[in-house]
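Written below as structure tokens is the structure these notes are about.
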Amino acid sequence: MSRAITEKVSGAASAGESLIIAGRAFSSRLIIGTGKYRSFDEMRAAHAASGAEMVTVAVRRVPLDRSSESFLDHLDPALQILPNTAGCYTAEEAIRTARLAREALETDLVKLEVIGDQTTLFPDNEQTLEAARVLVKEGFVVLPYFNDDLIMAKKLLDAGCAAIMPLAAPIGSGMGVQNPANLRIMREQLPDATIIVDAGVGTASDAAIAMELGADGVLMNTAIAEAADPAKMGTAMKLAIQAGRLAYLAGRMPKRLYASASSPLQGVVK
Amino acid sequence: MRVYVNGEPREINQPLTLAELVVELDLPPARIAIELNRAVVRRNDWSATTLDDEDRIEIVHFVGGGES
């Protein structure tokens, strides 16, 4: 563990330095979604409890048959809004959606999702890369959801993405990190990349594991929204992410197959 | 003439701008965005953009959602 990192941690309030995305600093490493909550009150309480400073929202057609209030009015105005391209299945749809979101929200941030399959909601990496290249050229700060693949990560970074967002498990599955080796390899091979684990977290330990593997942040929705008590789970996630981050920075002990006593071997009463 | 708003056909009997369409649809103008024939029309240009026959208009807003 380098001295610089150790000093950063000891000098920070609890869980270390800021998450930096395209030069913007966030003190929380948790980004959360706004879908599936049972009520707006429940959503607001969960957001507040989680300490998240950024929330993601989806873009959809305005209903024409009824007056609709703005969903955004239900969000704490202090939150950074991260529009996403959820539901898009081609690069073209995602690009159009991102452009519309930028026009409506006056933000250049976009969580890029191009889905390849309805059953798994796995990303279409090829379309994602194509969309990322176009959007970066247009000045977007692109945060792409993709399979946990090092080569794809490199291509997305080469395309100019501000951060990369590998999945932990299928969206909404709550299975947790399915391939810890891939995340660890990605961290080790891309030490300067901002890696945000996106999708598949189910409970607090899953988030902690993602952070212990070296992720810079975690994005989740269902794990909080579908908890019996979303506000309580929001707090749990906040603490898990702080704990996981600290454990990563602290540098864990190596795993051993056999016991290793922590008391002196000499002087035992015989 | 006929235009399509969010995929639904709509008959228009007199010249109509995007700004007037938003009023006619009773939409809150803040934090929505409009695409005309697949290209975004900036808010400042709504009142200068008159619809043509067979135009396809997409009007979007934001909803709760995290991942697809």
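Per chain, numbering begins at 1; letters A, B, ... match sequence-line order.
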- [ ] Sort A:A225 into side chain, backbone, both or neither according to what part of it lies under 4.5 angstrom from a heavy atom of chain B.
- [x] neither

- [ ] Examine whether an atom of A:E92 lies under 4.5 Å from a heavy atom of chain B, and if so say whether it belongs to the side chain, the backbone or both; otherwise answer neither.
- [x] side chain

Open item on the list: Minimum heavy-atom separation for B:G7 and A:R61, please, with both atom names.
Closed with: N-NH2, 3.7 Å

Task: B:A33 to A:E103 - nearest heavy-atom pair and separation - done: CB-CG, 4.0 Å

Open item on the list: Applying side chain to side chain contact (heavy atoms under 4.5 Å, CB included) to A:M220 and B:E67, what does each step give before you reach the verdict?
Closed with: CA-CA 8 Å; A:M220 65 181 75; B:E67 300 166 305; 5.9 Å; no

Interface residue of largest heavy-atom contact number with chain B, from [options], under 4.5 Å:
options: A:A104, A:G33, A:A101; result: A:A104
options: A:L100, A:I31, A:N221; result: A:L100
options: A:L121, A:L82, A:V55, A:V59; result: A:V59
options: A:P83, A:G172, A:A199; result: A:A199

- [ ] Please determine if A:R99 and B:E35 form a salt bridge, counting it only when a charged side-chain N lies under 4.0 Å from a carboxylate O.
- [x] no

TODO: Under 4.5 Å heavy-atom distance to chain A, tell me which part of B:L25 shows up: side chain, backbone, both or neither.
DONE: side chain

Open item on the list: Check this for me: A:R38, atom CZ, are more than 12 non-hydrogen atoms of other residues, nucleotides or ligands nearer than 6.0 Å?
Closed with: yes

- [ ] Count the heavy atoms of every other residue, nucleotide or ligand shown that sit under 6.0 Å from CD of A:Q118, and state whether that count exceeds 12.
- [x] no

Open item on the list: The criterion is salt bridge (charged side-chain N to carboxylate O under 4.0 Å, His left out); which residues satisfy it with B:R10, sequence neighbours excluded?
Closed with: B:E24

Side chain proximity check, [X] to [Y], heavy atoms < 4.5 angstrom:
X: B:F62; Y: A:L105; answer: yes
X: B:V60; Y: A:R60; answer: no
X: A:V62; Y: B:I32; answer: yes

- [ ] Report yes or no: does B:N6 contribute a side-chain atom to a donor-acceptor pair with the main-chain N or O of A:L64 at less than 3.5 Å?
- [x] no

Open item on the list: I need the residue from B:V41, B:V40, B:L27 with the largest number of non-hydrogen atom pairs under 4.5 Å to chain A.
Closed with: B:V40

Open item on the list: With side-chain hydrogen bond (donor to acceptor under 3.5 Å, both in side chains) as the rule and sequence neighbours excluded, what pairs involving residues 222-233 of chain A come up?
Closed with: A:K36-A:T222

